[in-house]
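Computed from a prediction, not measured in an experiment: that's the story for all the values here.
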Amino acid sequence: MQNAPLLLQFPILPSLLFPFSSLSLPSPTAPSIPFLTSLVHTSVLRKRFCFQAMPSAGGGDGLVNGGGAFSGFSLTESSFLASLMPKKEIAADRFIEANPEFDGRGVLIAIFDSGVDPAAAGLQVTSDGKPKILDILDCTGSGDVDISKVVKADEDGCIIGASGASLVVNSSWKNPSGEWHVGYKFVYELFTDTLTSRLKKERKKDWDEKNQEEIAKAVKVLDDFDQKHTKVEDPNLKRVREDLQHRIDILKKQADCYDDKGPVIDAVVWHDGEVWRVALDTQSLEDKPTSGKLANFVPLTNYKIERKFGVFSKLDACTFVVNVYDEGNILSIVTDCSPHGTHVAGIATAFHPKEPLLNGVAPGAQLISCKIGDTRLGSMETGTGLTRALIAAVEHKCDLINMSYGEPTLLPDYGRFVDLVNEAVNKYRLIFVSSAGNSGPALNTVGAPGGTSSSIIGVGAYVSPSMAAGAHCVVEAPSEGLEYTWSSRGPTADGDLGVCISAPGAAVAPVPTWTLQRRMLMNGTSMASPSACGGIALLISAMKAENITVSPYLVRKALENTTIPVGCLPEDKLSTGQGLMQVDKAYEYIRQSQNVPCVWYKVKINQSGKLSPTTRGIYLREASACRQLSEWTVQIEPQFHEDANNLEELVPFEECIALHSSEKTVVTVPDYLLLTHNGRSFNVVVDPSNLSDGLHYYELYGIDCKAPWRGPLFRIPVTITKPVVVVDRPPIVSFTRMSFLPGHIERRFIEIPHGSSWVEATIQTIGFDTTRKFFIDTVQILPLKRPLKWESVVTFSSPASKSFCFPVVGGQTMELAIAQFWSSGIGSRESSLVDFELTFHGVSTNKDEIVFDGSEAPVRIDAEALLASEKLTPAAILNKIKVPYRPCEAKLCTLPTDRDRLPCGKQILSLTLTYKFKLEDGAEVKPTIPLFNDRIYDNKFESQFYMISDTNKRIFAMGDAYPKFKKLPKGEYNLQLHIRHEDVQCLEKMKQLVVFIERKLEDKDTIKLNFFSQPDGPMIGNSAYKSSVLVPGKKEAFFIGPPSKDKFPKNSPQGSVLSGAISYAKLGIVNSSKESSRKMPAYYQISFIVPPTKPEEDKGKGSSPALTKTISERLIEEVRDAKIKFLSSLKPESDEEFSEWKKLCSSLKSEYPNYTPLLSKVLEGLISQRNIEDRSCHDEEVIDAANEVVDSIDRDELARYFALKNDPEDEDVEKIKKKMEATRDQLAGALYQKGLALAEIESLKSEVESTSTLVREDAKDAGKSEDSFEENFKELRKWVDVKSSKFGTLAVLREKRCGRLGTALKVVTDVIENNGETPKKKLYELKLSLLEEIGWSHLVSYEKQWMHVRFPSGLPLF
């Protein structure tokens, strides 16, 4: 899963059974130091002797029989508890036992993750009583609240919160300035999806109870009415009964469409003279009305100052902390976005004084939590979060960083984040540890940044027998440890090893309190990374205590040169790195190396004669490279820390290095190298010509001639994947009788035949008893692309076969990796036999991508089958449209907070681009930013983030590098794109950045393209091409026609791009069901650029009444219209201006008496007037103006016109129709405004009299004596649909004044639902007032929450 924390959260079962080698492991005190394990590993492998990672977890729990296999494995209570938090595997327990005070004390770790809960078990104090967590930060901004609004308290100590609620301030709070910063936040925006789901269920249950209670009351009222009125014939009684029924219907309907957007919490921030203080009002979260009040909140300040946290409510049990930025204008409410980060922190540092076996690896270490997972995006990391986290780690002078996040990457060891990491490691001496990924078992699956960055220690996931028996609760433990099946493997695309070391990849560790449990089992390289990080913390703790200078270079070298190998084969290093880390041995190495220069040996490799690409290893993957000798130039550059002294460290540096090859017949190197500070290069010759097909791994390494005990100073991986060449025709490859035990992996490398585009494969399992689970991966490496990976997990309950289809690229080597899951088949003594057959298919064409230029010309396609006969059945559809937009506004600014200041002192800049777009109908859309999309780590720009909002500022979608489709209703929208970088010139270039709004077409609008055998086919309409059989050696040509203009979807302006896919094979791509989607392996992009529309026809053609008028008459009309236009443009603000406006109106009315358009503009001007003091007087003026409009119109003539049928093709008739429709609209508008004014006059009278007698009397007399309002309403009803969105408000007021609140509520609800435009706040306010008047408090509360969603006070912060 891209951008997700690297973990697996389901329980894992047992693993592989290998015989335990009779060779004893080297003693920890052996004077030769651990490098010998690596030397022996590489030198005796051909004799099949090896060291296995098999540290005991139970002190003799495993019993070895004479043949070397385990006959049984058992756990004691203590070893079981120890297996839940593995430490013996990396010798951390032995190290602490020997050095109790080197348990991480004095070490500060930055946890880059989803956030850490300070209330979680074991995360309060260190083993020596110091605070465990020194700071908690939300680096993503997902918890930011805009609190720039400042208010003052009234004499009663009350303030108006940002949500509009009246809040009482605690009188004991010190606030010398008297200024209170206010803001609000939807609490669900701070919670994980899991927690939100739990709260929604609880809240829905309570809400349903209240709603059912109101339904019962409403039903009883209706029942009482029916008993009292057995026959309802009176129209008034019928309306009353309808009103009662509407109330029941509304309550039932509300239950069906209930959608809880969550409570709103008000935030108040102030400065008490020393620090910024924060208080939250959480009454909306509490059951009791007295709970959660602002005044009862214990104020918090920035976490690092007092290290205090809060809990929103007992129901959610969610811990939070706060931080205030930008002089009190930004509040950050920090919560976690998954349990992942707390679990990671627990593995590294948890301290349980009463349960020491459950301690983390380094219980004495302290930590800061840097949340990089953005809650708005689920838990995906963002560039902003990563950069701010690094800034915080340097600012807090951390020793270590652990990051258990990552994703595939386009380019290894590249990008803005990698540059910042390099600076942190080289200049500030931070040690960066990260997970390698969970995308195994295939090679080339390590993720960024952990597995692809030179400055980062990438960690693979290891499982020991005790972990399997204890943490995973398997019935039979494996005989020895191994790498988890899903752990990502190297090498990287540029040949680096990918995985540095391995560590235990599972633990039962603390989780946040909102999970309602203390601990949880998780497994993944996410767990291996903090295990290794904790082990490194032990080393740093010891180094500091013994005054050994801490250097990432030294620590990494000690780790890599003291591991225990996992596996027997050289190529196992691609899975496990150098092996399982050993803390005690690493520390002995460090102690012995403390007087050795702190140097990292940077490796740059080029194939001789080529300047690019530059790689970090030698990787021969493609068939041509694996068949011939090649020469490589290796540049070794010693890299010192930035604070190194030129005269004392750089000038004297000189090392005589002996160069070694693990297999001289394949990799030939010089014997020696004299290395100085400026570096040195040498040549390497690789001869793979005599190697067998398959995977081969070698190393060349350098040994210090004067201090061979240091082990390899640098290692250069040489990976060769010699593929099988497919020569059979038809092209079929079979691998038969492959034998599998739990955890076993079979790799096959195949040179995909030229002309292949997809594979049809079949797996057949044979001869086993219990259920078997297999991972099947295929991987191809393509230049400047992410690895092309296809994967499937297949479970067989009995021997059977299964078929697959997947895409391939011809001419490139493909790895096929089949692995039996490490715990699958546990307890069975039978191996699994597998047959796997691949059949290659392909239709080659002269165009990889088809682009229509917008003309009527078809595109010619030449097709051929290079491998075998294929049925050619082309199919193409256009099912999306991308509309380009340029920004209408660009705002460049310097970010104001310290969290955006780089360690070098530069302040990060931001560019906010605003785009406007409109949807004529609801649609699924997503923004596409070609420059930035699908890149986080391999991007030189720091980050990008977008928000889509409507004209009410309601947020509909958010995203960053991976935009997703979002269903949007019809309306107008703003897209804001936020880009960050430190270089103003880079941002200046982005000010006119093109963004595409990509829209999915509905099925009815999807365009199916046609194929022709002749170039004139699209125009003439004949010579359709349907299918043919391609024979190898013979090409066939056909044409694909562009879409016809009448098929263009709505809103497809010039420059838009219609896009879709084309396939040539029988399987096709049209069916989109999940089952058939796997049968669409090979398809290609097709697009059509929308051309300019045809010019508008001359508007002056035909007869026109204007042409029959004299010039003088036309001049008079033009002058009149100009005066009216000027009048409508005036927006008087002051009384003096309004007085002048009235005089102008009077003058024009006298000059153009009874001219309806003028009178309508006068009415509009009155309605738009603001700051009205005497509402009643103003309403009378509106009524008078409306009457003038009504009286100016001959309603009889208007009625006669609309009663007649007219010829729509007659231009003169059409013009008259438009004029009559405009007159009708002016009449309806006047009647509508008059009705609103009459209703408001009645309301004002009722308020003055403090009684609703007038309304009640009108209600009683309804039908007997017509009042002004009713007469006006009936007149309006003659001309328009009074329940339409435009006039519905008046219909609601009519029902309300008659006391029929249920009917009024139904009308306003219908008006809102039928309104296809952006919601109008007045309609929802009217609905809310009706609910309050009826007394449905639960619906009032619900609608108030939704009011904040629909009509927020402003856009959220980025």
Side-chain angles (χ1 to χ4, degrees), residues 115 118 135-154 156-191 263-286 292-313 318-335 371 375 388 392 895-900 1348 1352-1358:
D135 205 356
I136 299 177
L137 304 165
D138 179 359
C139 300
T140 68
S142 59
D144 284 3
V145 183
D146 183 355
I147 49 170
S148 57
K149 183 179 179 180
V150 178
V151 298
K152 299 248 182 184
D154 62 18
D156 297 324
C158 293
I159 61 174
I160 302 300
S163 71
S166 178
L167 307 172
V168 178
V169 175
N170 191 313
S171 59
S172 66
W173 294 344
K174 294 181 181 179
N175 184 355
S177 68
E179 295 182 343
W180 306 90
H181 292 249
V182 295
Y184 72 87
K185 188 80 171 174
F186 285 97
V187 77
Y188 285 176
E189 294 177 358
L190 301 169
F191 292 166
V264 172
I265 55 173
D266 271 290
V268 178
V269 176
W270 70 98
H271 201 279
D272 67 0
E274 297 179 0
V275 296
W276 289 100
R277 292 287 176 185
V278 179
L280 302 182
D281 183 272
T282 59
Q283 291 184 79
S284 56
L285 274 166
E286 301 285 356
K293 288 186 175 181
L294 179 74
N296 297 333
F297 190 90
V298 178
L300 299 173
T301 187
N302 288 20
Y303 182 82
K304 68 179 179 181
I305 297 175
E306 295 179 349
R307 291 186 290 278
K308 292 181 179 179
F309 57 83
V311 177
F312 290 106
S313 71
C318 182
T319 308
F320 69 93
V321 307
V322 299
N323 295 297
V324 180
Y325 302 104
D326 190 23
E327 296 299 318
N329 290 317
I330 298 175
L331 166 65
S332 174
I333 303 176
V334 190
T335 57
K371 178 182 172 183
T375 307
R388 285 176 174 170
L895 294 170
T897 65
D898 290 341
R899 59 180 173 171
D900 295 311
H1348 290 296
S1353 56
L1355 291 171
L1357 300 173
F1358 282 100

Validation row: [X], [Y] side chains within 4.5 angstrom (heavy atoms):
X: Asn323; Y: Tyr303; answer: yes
X: Val169; Y: Val268; answer: no
X: Pro118; Y: Thr319; answer: yes
X: Ser177; Y: Asn175; answer: yes
X: Glu179; Y: Lys152; answer: yes
X: Thr335; Y: Phe312; answer: yes
X: Trp180; Y: Leu167; answer: no

Lys/Arg-Asp/Glu bridge criterion (N-O < 4.0 Å) met for Arg899, Asp144
yes
[X] [atom1] to [Y] [atom2] distance, which is reported to the nearest 0.5 Å:
X: Asp154; Y: Ser166; atom1: CG; atom2: OG; answer: 7.0 Å
X: Thr897; Y: Arg388; atom1: OG1; atom2: CZ; answer: 5.5 Å
X: Ile330; Y: Asp146; atom1: CD1; atom2: CG; answer: 7.5 Å
X: Leu137; Y: Tyr325; atom1: CG; atom2: OH; answer: 5.0 Å
X: Leu300; Y: Leu331; atom1: CG; atom2: CG; answer: 10.0 Å
X: Lys174; Y: Glu274; atom1: NZ; atom2: CD; answer: 7.0 Å

Tell me whether the rings of Trp173 and Trp270 are parallel (<30°), tilted (30 to 60°) or perpendicular (>60°).
parallel
May I ask you to decide if the ring planes of Phe186 and Tyr184 are parallel, tilted or perpendicular, using 30° and 60° as cut-offs?
perpendicular
Main chain of [Y], side chain of [X]: is a donor-acceptor contact present, judged purely on distance under 3.5 Å?
X: Asp156; Y: Cys158; value: no
X: Asn302; Y: Val324; value: yes
X: His181; Y: Ile147; value: yes

Ser332 and Asp138: CA distance, side-chain angles, deciding distance, side chain to side chain donor-acceptor pair (under 3.5 Å) verdict
CA-CA 7 Å; Ser332 174; Asp138 179 359; 4.6 Å; no
Heavy-atom pair with the smallest gap, counting every atom of [X] and [Y]:
X: Ala267; Y: Leu280; value: CB-CD2, 3.6 Å
X: Trp276; Y: Thr301; value: O-OG1, 2.7 Å
X: Ser142; Y: Lys371; value: OG-NZ, 3.5 Å
X: Asp266; Y: Ala162; value: OD1-N, 3.3 Å
X: Ala153; Y: Ile159; value: CA-CG2, 3.5 Å
X: Leu190; Y: Gly143; value: CD2-CA, 3.8 Å

Residues, nucleotides or ligands: over 12 heavy atoms within 6.0 Å of Glu327 CD:
no
